[in-house]
Asks: 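Quick one: structure below, then a few questions.
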Amino acid sequence: MGGVIVTNPPKADAKDVEAIAGYGVATVHEAMGRTGLLGTHLRPVQQDTRIAGTAVTVLSWPGDNLMIHAAVEQCGEGDILVVTTTSPSTDGMFGELFATALQRRGVRGLIINAGIRDTTELRAMDFPAWAAAVSPQGTVKATGGSVNVPVAIGGQLVRPGDVILADDDGVVVVSRERAGRVAEAAEAREQKEAASRAAFLDGQLGLDRYGLRETLVRLGVTYRSYEEYVAEERES
């Protein structure tokens, strides 16, 4: 299997990345029209951590981490390493030594659509990671692959230089061209949610704030007292 290592791909503007970093994954996902999630199978190995950065992508053979070694050279300040395999894999392809090398280069974290190991050490060194599996199973370094090419994870396309945002809820990708507009949309949604939060604290119901009583009527949902409901059930 051959492959390609692409150097110096375009990246999202740093100010847009930092703006997106101010919002949660759920907010950004909603702001993009409920798109961009890389699937529910990618889970964090730590808690209460949020990262945002530009993607350096890796396409590897399952059970082979050769191309992760190649990708380290392509990583720099503010990047997030995004790894997937040509077919499903749960082997522990990434651990403490990789994290040490990446942390030295200013990489903000890892998204891997495969297995990870050394999770205790990763937490201790404060290197955030999201993975599809945790496994001590080792790997080889024998098969070619690619770095900084478009990859697909969870039905979403991730290109080098796209924005990756990850927190306890999961991982979302924002295309580098849309990053500025998405940051603005996320801010608008945040303001809308703040107004709703204040209204709920004041006692307003979502049924009234969002006009959902009319929706219930349209869908034929009715109210019955307990006595009426029991009597109707007995008659049915």
Side-chain angles (χ1 to χ4, degrees), residues 1-12 17 36-39 41-45 51 53-119 121-122 125 127-166 171-177:
M1 176 181 177
V4 61
I5 298 172
V6 179
T7 62
N8 300 316
K11 295 183 178 183
V17 176
L37 288 183
L38 301 192
H41 65 297
L42 297 175
R43 303 309 305 156
V45 302
I51 62 170
T54 46
V56 172
T57 61
V58 180
L59 181 62
S60 289
W61 199 259
D64 191 313
N65 66 6
L66 172 63
M67 299 315 296
I68 299 180
H69 283 280
V72 171
E73 183 181 25
Q74 304 305 316
C75 290
E77 188 73 34
D79 287 332
I80 293 176
L81 188 64
V82 180
V83 181
T84 192
T85 51
T86 56
S87 59
S89 175
T90 59
D91 294 339
M93 298 176 63
F94 185 101
E96 174 202 0
L97 293 179
F98 272 137
T100 300
L102 291 176
Q103 203 167 53
R104 173 65 177 80
R105 301 177 76 86
V107 174
R108 294 176 177 174
L110 168 79
I111 313 299
I112 183 166
N113 192 30
I116 195 172
R117 61 185 186 177
D118 301 336
T119 55
E121 290 80 3
L122 294 178
M125 63 190 294
F127 186 84
W130 286 253
V134 174
S135 173
Q137 176 66 45
T139 56
V140 299
K141 302 165 181 59
T143 312
S146 295
V147 176
N148 277 334
V149 299
V151 298
I153 300 177
Q156 300 296 321
L157 182 68
V158 181
R159 301 170 307 160
D162 284 347
V163 182
I164 298 295
L165 176 69
V171 185
V172 69
V173 60
V174 180
S175 69
R176 56 181 182 261
E177 296 89 351

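Fair warning: this is a prediction, and the values are worked out from it, not measured in the lab.
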Asks: Might you point out which heavy atoms bring Val17 and Ala12 nearest each other, and give the distance in Å?
Replies: CG2-CB, 4.0 Å
Asks: To the closest 0.5 Å, what do you measure between CD (Glu121) and OG1 (Thr119)?
Replies: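 Atom-to-atom, Glu121:CD and Thr119:OG1 are 7.0 Å apart.
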Asks: Could you tell me whether the side chain of Trp130 reaches within less than 4.5 Å of the side chain of Ile51, counting heavy atoms only?
Replies: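 Yes, side chains in contact.
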Asks: Side chain of Asn113, backbone of Thr84: donor and acceptor closer than 3.5 Å?
Replies: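 Here the side-chain-to-backbone pair does not exist.
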Asks: Check step by step if side chain to side chain contact (heavy atoms under 4.5 Å, CB included) holds for Val56 and Asn148.
Replies: CA-CA 6 Å; Val56 172; Asn148 277 334; 3.6 Å; yes
Asks: On a heavy-atom basis, which atom in Cys75 and which in Leu102 lie closest, and how many Å separate them?
Replies: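 Between these two residues, the closest heavy atoms are SG-CD2, 3.9 Å.
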Asks: Do Arg159 and Thr57 touch side chain to side chain, with heavy atoms closer than 4.5 Å?
Replies: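 With C-beta onward as the side chain, the pair stays apart.
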Asks: Once you round to the nearest 0.5 Å, how far does NE2 of His69 lie from OG of Ser60?
Replies: 10.0 Å
Asks: What pair of heavy atoms forms the shortest contact from Ser175 to Asp162, and how long is it?
Replies: CA-OD1, 3.5 Å
Asks: My understanding is that only one of Ile68, Val83, Ile80 makes a side chain to side chain contact (heavy atoms under 4.5 Å, CB included) with Leu110; could you say which?
Replies: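 That would be Val83.
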Asks: Test side chain to side chain contact (heavy atoms under 4.5 Å, CB included) on Ile164 and Val158; report intermediate values, then the result.
Replies: CA-CA 9 Å; Ile164 298 295; Val158 181; 4.0 Å; yes
Asks: Of all the heavy-atom pairs spanning Glu96 and Asp118, show the shortest one and how long it is.
Replies: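 Looks like N-OD2, 2.9 Å.
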Asks: Testing Arg108, Lys11, Gln74 for side-chain hydrogen bond (donor to acceptor under 3.5 Å, both in side chains) with Asp79, which one passes?
Replies: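 Only one option passes, and that is Lys11.
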Asks: So, do Thr90 and Gln137 sit near enough that their side-chain heavy atoms are less than 4.5 Å apart?
Replies: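 Heavy-atom side-chain distance check fails, nothing below 4.5 Å.
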Asks: How far apart are the C-alpha atoms of Thr143 and Leu66, what are their side-chain angles, what is the distance that settles it, and do they pass the side chain to side chain contact (heavy atoms under 4.5 Å, CB included) test?
Replies: CA-CA 7 Å; Thr143 312; Leu66 172 63; 5.9 Å; no
Asks: Could you state the interatomic distance from CZ (Arg105) to OG1 (Thr100), rounded to the nearest 0.5 Å?
Replies: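 Reported value, rounded in 0.5 Å steps: 13.5 Å.
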Asks: Assess the residue pair Phe98 and Val72 against the criterion (side chain to side chain contact (heavy atoms under 4.5 Å, CB included)); give the C-alpha distance rounded to whole Å, side-chain angles, the decisive distance to 0.1 Å, and a yes or no.
Replies: CA-CA 8 Å; Phe98 272 137; Val72 171; 4.2 Å; yes
Asks: Is atom CD of Glu73 surrounded by more than 12 heavy atoms (other residues, nucleotides or ligands) closer than 6.0 Å?
Replies: no
Asks: Working to the nearest 0.5 Å, report the span between CG of Asp91 and CG of Asn65.
Replies: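 With rounding to 0.5 Å, CG (Asp91) is 10.0 Å from CG (Asn65).
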Asks: Ala99 and Leu122: which non-hydrogen atoms are nearest, and at how many Å?
Replies: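 Here Ala99 and Leu122 meet closest at CB-CD2, 3.4 Å.
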Asks: Flag the pair Ile153 / Leu42 as yes when at least one side-chain heavy-atom distance between them is below 4.5 Å, and no otherwise.
Replies: yes
Asks: May I ask you to decide if Gly161's main-chain N or O and Arg176's side chain share a donor-acceptor pair within less than 3.5 Å?
Replies: no
Asks: To the nearest 0.5 Å, tell me how far Ile111 CD1 sits from Leu81 CG.
Replies: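 Going from CD1 on Ile111 over to CG on Leu81, the span is 9.0 Å.
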Asks: I want to check something: taking the side chain as every heavy atom from C-beta on, are Pro62 and Thr86 in contact at a cut-off of under 4.5 Å?
Replies: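 The answer is yes, as the side chains (C-beta and beyond) meet within the 4.5 Å cut-off.
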Asks: We want to know whether Thr139 and Asp64 form a side-chain donor-acceptor pair, criterion being a heavy-atom distance below 3.5 angstrom.
Replies: no
Asks: Contact between Val172 and Gln156 at the side-chain level, heavy atoms closer than 4.5 Å - yes or no?
Replies: no
Asks: Ser146 side chain to Gly3 main-chain N or O, any donor-acceptor pair under 3.5 Å?
Replies: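 No; judged by distance alone, with no hydrogens or angles, the pair does not exist.
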